[in-house]
Structures are given as C-alpha cells and as structure tokens.
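What follows is a short report on a single structure.
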Amino acid sequence: MPELPEYLQDLNPEQLAAVRHEGGNLLILAGAGSGKTRVITTKIAWLVRERGVAPESVLAVTFTNKAAREMRDRASAIDPECARAYLRTFHSFGAWFLRRNAAAAGLDPNFTIYDDDDSTTLLHGTAPDLTRAECGRLASRIARAKDYGLAPDAPDLEARFPDRNFRRLYAGYEKRLRETGNVDFGDLILLPARVLRDDEAIRNRFHQRFRVILVDEYQDSNVAQFELLKVLAGGGAYVCVVGDDDQSIYRFRGAEVRNILEFPEVFPGTEIVRLERNYRSFQSILDVAGAVVARNEGRLGKTLKAVKAGGPKAKLALLADQDEEAAYASRVAEARASRTGRWSDTAVLYRTNAQSLAFEHLFNKRGIPYRIVGSVRFYEREEVKDALAYLAVLSNPRDEVNFRRVVNKPSRGVGDTSVQAILEAAYASDGDLLSASRGAGPLLKTAKSRSGLSAFVSLVDGLRGLLDAPGEGRPLSGLVERTVKDSGLAEYHRDQDEIAGTQRAANLDELVNAAADFELSPAGLAEFLETIELDRRLSDQEESLEAVTLITMHNTKGLEFPVVVVTGLEQGLFPRDDDEGEDLEEQRRLFYVAATRAKEELHLCSCRSRLLRGRRADFLPSRFIHEIPPGLYETLGGRLPAPAPEGPWKPGLPVYHDDHGSGYVIQVKAGPPDSGPLVFVKFETGRVLQFFPKFTRKLEALK
C-alpha cells in the first residue's frame, strides 16, 4: 500500500475515510471536538490535489465568515490552488449569485441588503396602521416564513402562520421590497433557489460550474437552504455535508434538524461516516453530556470517546438562590485563576441574558474581570447605521428604508408628510427617490421643508459626483469621510458624545478606516455595503480578553474553555415546563452543547429559588440532572431532591374540571410527602389554578 501524503498521515481512521470517500454522497456525523473543520478542509485539498478536481468547481458553504476564512486558509496551506475554490457563507453565496444574475431575479445588481430594522421600517410604510413594535414582530414572522421557503402565495402559508392578515401583509411587504430594488436577508437564499428552479439556462450553467458541493455545520441549515442545496446539486454534483445532529440548537432561527436526519433519504446512496473521537474534553465530561442527549429520539446516534481518558467528575452544586450561584461561580473562577493566572480559562453559561445580572454585580464587587458576549456590535450602533444609510442611498437611489433614515437626519425640517409626498412621486415613476426629490419642491408645504430637501439633494449629488468621478485606485475611505462630515453626522454625534459621554465620533472614524481597502467606485461601494451587512449579521465573537466569559449557551457554539459553569439548571427555567416533544429535544441538545464546551472541569448549578418579576419562586432541579446517572457527578450542597413526578400529569395534558371547564396542564411540581404532584392548570377562561389530583375528584385527565 503506497505511503499516504504527509498532510493525511495524522488523520485518524474515521477522518481519513471521510476525506478519501468518493462516489455517492457523504454525510459526516462529526461529534463535538472531533476535528470536523480539519476533515472538510483536508477533503477540499485532497479532491484538488489527488483527484484532479478543478478548484473552481468546488463550492463549500458554512454559516459564519470566520469559519469560511478558516476553511480557505487551511485548505490553501495544503495546496495553494484551493484558494480558487468558492468557500463562502450561505448568504454571501446568495448575494454573489444575485449580483451576477440580477436581471433573472428582477433586481438591480447594486441592490442593498436590508437588515431587520430596515424591514421593520419598510413594513411601517406599507402598513401605517400598525405600530413600529407590531411591524417588528411582523418582520420577524416574514423572515421565518422565508427561512421555511414560503412566499406570500404559498398554499400552506396559513398552516404555519395562522394569522388571517399575515398573507396580505407579507404580500404588501414583498411588493414594496421589489419596488425598491433591494433584498432582505431571507431573499439571499430564497431568490437564488427560485431563479435556479425557473431558469433552465442558469441552472445548467451552475450545474456545470459546481461539481462538488460541501456544507459545514449542516445541522444549522433551514428549509430554504436545504431547497437551495437540492437545486444546486440536481445536476449530479458530489454532495458532502458535515454536521452534528446533537448540536442543532437554532430552531428559533429556523434551523431544521430534519435536514440532517433525513439527508440519506433525500440523497440516495449516501454513506455515513461517524467521527466519534473527541480531542477536547475528558471522558468524564462527555459521559455527562451524552447521558442527557441520548434520551432524544430524533438523532442518528453516536458515542463520543475522549482521547483524554478519565478526568475529574462533574460537580453538581445545589444552591439556595442566584446570589449563592454567583458566589459559587466566583469561587470557581478565582480558584482556577490562582492556579493558572488566567481568568479567561473560565466561562459562565446561562440560558437567557437576564441571568447575567447577579454575576455582573458580584464579579464587580470581588474585582473579577469579565466580558459579556452579545453586547451591541459595531455595525448596530446608531451613528454607524446613519452613515451607512447615506452610503446606501448613494449606491441605490431607490432605497426607501435608508432614504427615510437620512433625509431628515440631522434635522432639516423634512417631516413625515414631506417624505410621504416624495415617496408617492417616486413610485408613480421609476422609484428613483433622488429624482423625485429634485422635483418635489412644489409638493412640500413649507419653505423650511423645501430648503431642507434642497440641501439634502445638493449634498447627495455632490457625494455622487465624487463616487462617479474617474480615478482608478483611490480608496473609498475619502468618500465615507466626506459623507460623515458634509452630512452633519460627525458634528451631530460629537455633540451626543458631550451629552452622554459616548464614543460615537470615534466609531465614525473607525468606519472611515474600514472603507480604506475598497475602491472609490459604484462597484466598490456596493461591495463595501454588502461586506458590512454580511459581517454585521454573521459577525463572530470578539477575540478573547483576559477575563471570565459570561455567555448564553447558544452563543458558545464553536467555543471551548478549560472550565465551564452551567447555571440555571432548574425545572421551569432550563428546560421550561412547556418544553415537550421537539422543543424538549432541542433543549437537551443545548445542554449537550453547553457541557461539551468544557475541556477539563464541568460545574452544574441548580438553585432552590430565584427572583422572578420581583417575586421569589421555588424550583426543583432540572429534569436533565435526573437524566444523568448519579455516579457521573459529585454533589455539593446537600442531597438532590426527587424529580417532578412522572405519570399522567404532564405539561400539555388536556383536562376537564366540573366547575371550571376545559383546560390543560402547564406545570407539574413535586408536592409535600404523601400528597402526590402539584398540578398547575390553565383553563379556557384564562385562569390558572393549582390542584393536588390525589385529593381533587373533580379534575379529570382527558386522553
């Protein structure tokens, strides 16, 4: 047998089998810490280097810019030819596709990508009778509909979104969005799939172009992404997906675990390779995580085996309340830092952001440095979004959302009535808002509004003159600097700095710096705006500081820490009492993700009571704790209370009471000795009442 190339020699047998697989399609089930990134990047290099696959015919997609860069860097380090492969996020691939096939999608190639706030603004324009908060909720539902691949005319739209007005409002939003010539984030997946299905010439061209398609983190894909993958692969491409069904935790964003569970059925002839060797954690940690997730029915199944055998048992801390929980986490972090000198070894994980307050308060008091992951990011800040809105209008004068944001900011006296008159004039012609503004003077009622609009038009025309002026090689940063200065934004936000002590002016300076690598041209501006929007939505966490990390469990995906403290393990908090079926299975997967972030020490915390909405509430330990065999952890702080009783009384169970009518169980707690369970029932009247079924003859469980 010939000797393996050097870059393959350190792979374990399962990794090597996945890299060298060819023929039918491949599903790589990659457990936590099993080296999946190494496998997929090595596979790209192997295909190019050993099998003679043209790198331009390889499309590899993932979900974050950081992951896409890492794939490119690792594959190129093995073979520089791999730099010519298309390694992108799903959404950047969609944007790239639409810019090159804009006419087929009914778009201008210089379209702007709308974020959630932009979509809310556009909806408020199409449905002015709704409040902005209602428009925000509606925008979220529309985004979810697009995640499911559902257009406004989809026959089964009502089945998933039963609101009787949803179809009409969604259709109105889509009509206005198409009139602006722009797209929202969901369109970056939905429209390419639609073009590929409807246009045979484009479909054939892409089938010939991409002969190998690889998808990383496949468990995070949604229905629309699944449909895009199917139509891209329809020409007989080799498809390899890498993922972990046990780490599918983004259902609230539209991720669909069935995509990975049903992959072998949708793509016949699929071979499954399981990567079960874990290089991150001690076996003692993997046993805890595996015991919980093994309870799920919706999984393909695998058992992680640690390369690092043994390890200390997990610690289960039974605590009085959230203050005692914060004190416990402090002691864990302090003990670790005293041994290693590194605060950053420790991470404190929680289910919801609101749980961070007790840790922040005590860490400040004890002088423990910490960072909270998930604060407002650069491109979300008001002053940055203002500057970007000006640039978006320069790039696309039909951009209603960003036109609304800046036409009167800083204030020029152009109020809502004047803006509405400009919009009506624009949509009566070609939708160009700047052209409509130039002729809108007679439509405005006051001299102040006419003067303000004239100043705005002169400003934008001057900036567009800079953008369109010939001069190859000049950086875009000059235009951005002129924009923030001439618009008045720099002065406006500098004044805000003096009032609030913020750093808004410095943020605008940083935006100018960010534009230095782009060319001063319409194409360069479009590329800059696209890069920012994709980075903003898919931004990765900041580099680690020398501080304890406070972070939600969802945000820990892809991270690892020597010491992990999982907090809030109470029934009703994690999981919630109404988590059943698929929801409960996803919460088990979330626990699995949280636990497998730990490399050396795993601490589990459960409180007997917490303050909720200003009132103290009692809790039982999470059912997940009871799903872990007792021999796998060491208990601190007393004996583990009995679990909430099993039996017929479970959340979701329909019931009937002779006096109160029909209802359903919303919560079950252990009652006093010999009393049986305490059952909380919500009746059709809206009332919530508590019962001990053992002593309540009038309460009947319905089958």
Side-chain angles (χ1 to χ4, degrees), residues 8-19 21 26-43 62 67 70-71 74 216-220 240-249 257 260 272-296 299-315 336 345-347 349 549 551 553-566 588-604 624 627-629 631-633:
L8 298 180
Q9 291 179 5
D10 291 336
L11 299 178
N12 68 42
E14 298 80 21
Q15 292 173 332
L16 185 61
V19 167
H21 176 273
L26 178 64
L27 167 58
I28 303 175
L29 275 183
S34 63
K36 70 174 183 61
T37 303
R38 183 181 187 187
V39 169
I40 194 170
T41 54
T42 304
K43 187 172 184 69
T62 186
E70 185 176 1
M71 287 169 60
R74 287 197 186 188
D216 192 18
E217 300 286 5
Y218 187 63
Q219 77 282 343
D220 294 337
C240 170
V241 300
V242 185
D244 184 358
D245 50 338
D246 290 334
Q247 294 189 70
S248 180
I249 60 172
V257 71
I260 194 167
I272 300 177
V273 174
R274 288 174 168 81
L275 304 183
E276 298 176 304
R277 301 191 197 197
N278 176 282
Y279 294 89
R280 176 189 300 153
S281 309
F282 282 123
Q283 189 64 48
S284 57
I285 294 170
L286 301 181
D287 289 343
V288 168
V292 173
V293 81
R295 298 290 188 111
N296 280 354
R299 65 191 297 258
L300 295 170
K302 61 186 172 305
T303 302
L304 292 182
K305 298 177 178 62
V307 172
K308 301 189 300 183
K313 284 186 178 181
K315 303 292 192 297
R336 179 72 186 191
D345 281 356
T346 302
L349 280 56
T549 297
I551 186 170
M553 298 176 196
H554 280 100
N555 279 335
T556 61
K557 186 78 177 297
L559 303 179
E560 58 182 43
F561 305 90
V563 179
V564 166
V565 184
V566 181
R588 284 199 184 101
R589 295 193 293 267
L590 185 58
F591 175 88
Y592 171 87
V593 167
T596 55
R597 300 310 95 192
K599 298 167 67 175
E600 300 172 23
E601 297 178 32
L602 175 62
H603 299 259
L604 309 174
F624 297 158
E627 293 175 354
I628 305 169
L632 296 182
Y633 57 82

Backbone N or O of Pro312 within a donor-acceptor pair of the Ser284 side chain at under 3.5 Å? yes

Donor-acceptor under 3.5 Å (Lys308 side chain, Gln283 main chain): no

Apply side chain to side chain donor-acceptor pair (under 3.5 Å) to [X] and list each qualifying residue two or more places apart in sequence or on a separate chain.
| X | answer |
| --- | --- |
| Glu276 | none |
| Asp244 | Gln247, Lys302 |
| His603 | Tyr328, Glu601 |
| Asn296 | Arg588 |

[Y] and [X], any side-chain heavy atoms less than 4.5 Å apart:
| X | Y | value |
| --- | --- | --- |
| Leu604 | Lys315 | no |
| Tyr279 | Asn12 | yes |
| Arg299 | Asp246 | yes |
| Leu590 | His554 | yes |

Could you tell me the separation between the [atom1] atom of [X] and the [atom2] atom of [Y], rounded to the nearest 0.5 Å?
| X | Y | atom1 | atom2 | value |
| --- | --- | --- | --- | --- |
| Lys305 | Leu286 | NZ | CG | 10.5 Å |
| Leu349 | Thr549 | CG | OG1 | 9.0 Å |
| Arg597 | Ile551 | CZ | CD1 | 10.0 Å |
| Ile249 | Gln219 | CD1 | CD | 8.5 Å |
| Phe282 | Glu600 | CZ | CD | 5.5 Å |
| Asp220 | Ser248 | CG | OG | 6.0 Å |

Please evaluate residues Arg74 and Thr42 with respect to the criterion side chain to side chain contact (heavy atoms under 4.5 Å, CB included), reporting the C-alpha separation (whole Å), side-chain torsions for both, the decisive distance (0.1 Å), and the verdict. CA-CA 8 Å; Arg74 287 197 186 188; Thr42 304; over 6 Å; no

For residues [X] and [Y], report the shortest heavy-atom separation together with the two atoms involved.
| X | Y | answer |
| --- | --- | --- |
| Ala595 | Ala289 | CB-CB, 3.9 Å |
| Gly243 | Ile260 | C-CD1, 3.7 Å |
| Phe591 | Val292 | CE2-CG2, 3.5 Å |
| Ala291 | Ile628 | CB-CA, 4.3 Å |
| Ile285 | Ala598 | CD1-O, 3.6 Å |

So which of Val241, Leu275, Asp245 actually passes side-chain contact (heavy atoms from CB on, under 4.5 Å) with Leu29? Asp245

Which donor-acceptor pairs under 3.5 Å do side chains of residues 30-41 form with protein atoms, sequence neighbours excluded?
from	atom 1	to	atom 2	distance (Å)
Ser34	OG	Gly31	N	3.3
Ser34	OG	Gly31	O	2.6
Lys36	NZ	Asp216	OD1	3.1
Lys36	NZ	Asp216	OD2	3.3
Lys36	NZ	Glu217	OE2	3.1
Thr41	OG1	Thr37	O	2.8
Thr41	OG1	Arg38	O	3.1

Please enumerate all residues that pass ring pair (Phe, Tyr, Trp, His ring centres under 6.0 Å) together with Tyr592, with sequence neighbours excluded. none

Please walk me through it: do Val566 and Met553 pass side chain to side chain contact (heavy atoms under 4.5 Å, CB included)? CA-CA 8 Å; Val566 181; Met553 298 176 196; 3.7 Å; yes

Asn278/Thr596 under side chain to side chain contact (heavy atoms under 4.5 Å, CB included): CA gap, chis, key distance, verdict: CA-CA 10 Å; Asn278 176 282; Thr596 55; 5.7 Å; no

Could you walk me through whether Glu14 and Arg274 pass the salt bridge (charged side-chain N to carboxylate O under 4.0 Å, His left out) check? CA-CA 7 Å; Glu14 298 80 21; Arg274 288 174 168 81; over 6 Å; no

Any chance you could lay out the side chain to side chain contact (heavy atoms under 4.5 Å, CB included) test for Lys599 and Val563, step after step, and finish with the verdict? CA-CA 7 Å; Lys599 298 167 67 175; Val563 179; over 6 Å; no

Between Tyr633 and Asp287, does a side-chain hydrogen bond (donor to acceptor under 3.5 Å, both in side chains) hold up when you go through it step by step? CA-CA 10 Å; Tyr633 57 82; Asp287 289 343; over 6 Å; no

